[in-house]
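Structure, as structure tokens:
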Amino acid sequence: MKKISILFIAFSMATLLVNCKSEEKAPDFAGVTKSYFDEKNQLNPLDATLNGQNQYNDQLVLEMTDGFRTKQQAFFDKYEEELAAIDVSKLNDEEKISYEIIKWEIAVGEELLKQPTNLMPIHQFWGTHLTMGQFAGGTAAQPFKTEKDYANFLKRMDTYAVWMDSAMVYMKKGMAKGIVLPKTLTLKVIPEFEDMITPKVEDNLFYSTIKTMPDTFSDAVKKDLTTKYAAVINEKLTPRFKKMAQFLKEEYLPASRTTSGIGSFPFGKELYAAYVKQWTTTQMTPEEIHELGMKEVARLKEEMEKVKTQVGFKGTIKDFFDEVRNKKELKPFQKPEEVIANFESIYARIKPNVDKLFALQPKTKFEIRRTEAFRENSASAEYIQGTADGSRPGIFYVPIPDVQSYNLYADEDLFLHEAIPGHHFQISLQQENQQLPDFRKFNWFGAYGEGWALYTESLGKELGLYQDPYQYFGMLGSEMHRAIRLVVDTGIHTKNWTREQAIKYSLENEAESEASIISEIERYMAIPGQATSYKIGQLKIIELRKKAAAKMGTKFDIRKFHEKVLESGVMPLALLEKKINAWIETGK
């Protein structure tokens, strides 16, 4: 037997290791996107339920706690490392978009995590306490079909009691540092908890699904669930609702701030810049957005003057706003069902023309419903997506708190935005696209999603709507509303505008009712930057359509343009522009 030197063995082993390493499989990007989605759902289980990811239906996170924020940072750190190991040159076009989206989300997420936003865990517009109420009603995303479904929500309710305790702890920390809601918003939050308190458990919102248990459940199961739900409501939730309402009234309200915008915080400038980046997905500064808003308001006012002249109104444009707000003919409804029927008739009118503009259309079913009573007074009209498997339709919710004062002048426009071809088309097509990784099927970027919905409002005449000048004025009014948002949102958060200044500016430039405008201004106070996303996204899509039409000439096909914009789902605007530019070049 031939002797082999130790040096040779060492050299051979080193060579073998090098060869093995070179043959190692490159990181699996599909695997990265899958684990990214799974872990994102674990961090956001309510969103997961909303998106039909039902394996998280029993979970609820305490998103304001330091422990949860540590988990968020670990999540960002992990996927920064995962991305760094990917060879981007080997990815296909869609994978490159996925790569850039994850990279973008991590960067913005880390920027926001630097700020103590967790010290204001509750506001009146959206959030865990409102989502839990919506799910409790049994008509939203939380399923209540099986015993396990009921057990899942029972566990979620149990954690919700702890969530309220945690929220109060962090709100007290915020009080100590002056990081609190404006007084006007605190006043809106108080009834959201007070309304959850009922003398009889049977009348409680969280008891709703006990009354609608499936007939397939045995009597023993029904009795067991009834006992358990009643116990959680009586022993855990109702005491917390009372405690929260008392805390808000007696401690938090006196400590709430008199300023309207986050610019009053020492870190307000940095935080608002991060929110604007998050919502617009651009590098635009608040000042640039404010100036753009002023220009758009002036342009739209000129268009409104034309409609005023067309209908023969002799007063000023501000007088015309009052005319539109108060015109009896625009408030014809006596029953809430008539409002819903009007939207159904709009849907019927556009159906014959939708095919002319859209080759790509969703399979997900669609419904129009009145907003639930418990949140109707403070809710805006909205779209809640369906599920890709067809088990839940997309739902257009319409709040009708006072039917006799309901003004229909913008209903055609509203339907296009919230329903078809706005949010329902965009979100459903995204969820149905089997070529996209799951994290993109269920993703959201306001500038793209809301920008698309606002863009679709301009398609009304092509779809057979806006024959009535008041309905066309409604479209102009809705676009004006989004232009005003650029001005007032930046005004409130970077220019020390008061709530009253913002309300006054809106009243002078649009025909929305004063009550609606107040609700809107308070919305911008609660969720800084979100309102800037609509117009920024709309203007980019309009710009890309004009560019494509000019460069492609007779080869431009509006159906193909819409397909290209919609097919890959939401993404930051720079990525959308890159995608459309590539299509223009190949299409020419």
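Below, each value reflects all heavy atoms present in this structure, side chains not excepted, and no hydrogens, waters or symmetry copies. Note that the numbering runs from 1 along the sequence shown for the chain.
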Check your understanding: Parallel under 30°, tilted from 30 to 60°, perpendicular over 60°: which one fits the rings of Tyr383 and His424?
Key -> perpendicular

**Study point:** pair Trp444-Ile427: side-chain heavy atoms closer than 4.5 Å
**Key:** yes

**Study point:** With Tyr505 via ring-ring contact (aromatic ring centres under 6.0 Å, His included) - residues at least two apart
**Key:** Trp497

Review point. Taking the inter-plane angle between the rings of Trp163 and Tyr160 on a 0 to 90° scale, is it parallel (under 30°), tilted (30 to 60°) or perpendicular (over 60°)?
Key: tilted

Review point. In Å, rounded to the nearest 0.5 Å, how long is the span from CZ of Phe445 to CG of Leu575?
Key: 8.0 Å

Check your understanding: Got a sec, which residues hit ring-ring contact (aromatic ring centres under 6.0 Å, His included) with Tyr448, two or more places apart in sequence or on another chain?
Key -> none

Review point. Please walk me through it: do Tyr524 and Ser260 pass side chain to side chain donor-acceptor pair (under 3.5 Å)?
Key: CA-CA 9 Å; Tyr524 314 149; Ser260 299; over 6 Å; no

Practice item. Might you work through the side chain to side chain donor-acceptor pair (under 3.5 Å) test for Asn51 and Gln385, ending with a clear yes or no? Key: CA-CA 8 Å; Asn51 293 326; Gln385 67 261 43; 2.9 Å; yes

Check your understanding: If you take all heavy atoms of Thr281 and Trp104, which pair is closest and at what distance?
Key -> CA-CZ2, 3.6 Å

Review point. Looking at side-chain heavy atoms only, is the closest gap between Asn57 and Gln142 below 4.5 Å?
Key: yes

Review point. Do Asp47 and Tyr56 have side chains that get closer than 4.5 Å, going by heavy atoms?
Key: no

**Study point:** Student check: side-chain heavy atoms of Glu105 and Tyr79 closer than 4.5 Å
**Key:** no

Practice item. May I ask you to check whether Tyr207 and Asn234 show a side-chain donor-acceptor distance below 3.5 Å? Key: no

Review point. Do Arg375 and Glu382 meet the salt-bridge criterion of a basic N to acidic O distance under 4.0 Å?
Key: yes

Review point. Under the ring-ring contact (aromatic ring centres under 6.0 Å, His included) test, which residues partner Tyr397, sequence neighbours left out?
Key: none

Please set out all donor-acceptor pairs under 3.5 angstrom arising from side-chain atoms of residues 110-123, sequence neighbours excluded.
unit_1	atom_1	unit_2	atom_2	d
Glu110	OE2	Gln73	NE2	3.0
Asn118	ND2	Met64	O	2.9
His123	ND1	Phe125	N	3.1

Review point. Among all residues two or more places apart in sequence or in another chain, which pass the side-chain contact (heavy atoms from CB on, under 4.5 Å) test with Ser478?
Key: Ala410, Asp413, Glu457, Arg482

Practice item. Please indicate whether Lys96 has more than 12 foreign heavy atoms, meaning atoms of other residues, nucleotides or ligands, lying under 6.0 Å from its NZ. Key: yes

Check your understanding: Would you say Lys243 and Asp165 make side-chain contact, with heavy atoms under 4.5 Å?
Key -> yes

**Study point:** Pi-cation contact, Tyr170 with Lys173 (under 6.0 Å, within 45°)
**Key:** yes

**Study point:** Residues Lys236 and Asp158 bridged, charged N to O under 4.0 Å
**Key:** yes

Exercise for review: Indicate yes or no: at least one non-hydrogen side-chain atom of Thr259 is less than 4.5 angstrom from one of Pro182.
Suggested key: no

Check your understanding: So does Lys495 pair up with Glu287, basic N to acidic O under 4.0 Å?
Key -> yes

All N/O donor-acceptor pairs, side-chain side in residues 189-206, below 3.5 Å, sequence neighbours left out:
unit_1	atom_1	unit_2	atom_2	d
Glu192	OE1	His129	NE2	2.8
Glu194	OE2	Lys249	NZ	2.7
Thr198	OG1	Lys200	O	3.0
Thr198	OG1	Asn204	ND2	3.4
Asn204	OD1	Phe206	N	2.9
Asn204	ND2	Met196	O	2.8

Exercise for review: Taking the side chain as every heavy atom from C-beta outward, state whether Val398 and Arg369 have any pair of such atoms under 4.5 Å apart.
Suggested key: no

Check your understanding: Does the side chain to side chain donor-acceptor pair (under 3.5 Å) test come out yes or no for Ser506 and Glu520, once each step is laid out?
Key -> CA-CA 10 Å; Ser506 298; Glu520 283 289 301; over 6 Å; no

Point to revise | Ion pair check, Lys535 and Glu479, cut-off under 4.0 Å | key: yes

Exercise for review: Output yes when Glu376 and Arg370 qualify as a salt bridge under the 4.0 Å nitrogen-oxygen rule, no when they do not.
Suggested key: yes

Review point. Hey, mind stepping through Arg69 and Asp66 against salt bridge (Lys or Arg N to Asp or Glu O under 4.0 Å) and telling me if it holds?
Key: CA-CA 5 Å; Arg69 286 161 74 86; Asp66 295 339; 5.2 Å; no

Check your understanding: Is the shortest heavy-atom distance from the side chain of Leu181 to the side chain of Tyr252 under 4.5 Å?
Key -> yes

Point to revise | Closest approach of Phe29 to Glu95 (non-hydrogen atoms, all atoms of both residues) | key: CE2-O, 3.4 Å

Exercise for review: Write down the atom of Tyr272, the atom of Asp489, and the distance for their closest heavy-atom approach.
Suggested key: OH-OD1, 2.6 Å

Check your understanding: Is a salt bridge present between Glu291 and Lys295, judged by a nitrogen-to-oxygen distance below 4.0 Å?
Key -> no

Point to revise | Audit row: Lys40, Asn443, side chain to side chain donor-acceptor pair (under 3.5 Å) steps and yes/no | key: CA-CA 11 Å; Lys40 203 174 169 184; Asn443 213 359; 3.2 Å; yes

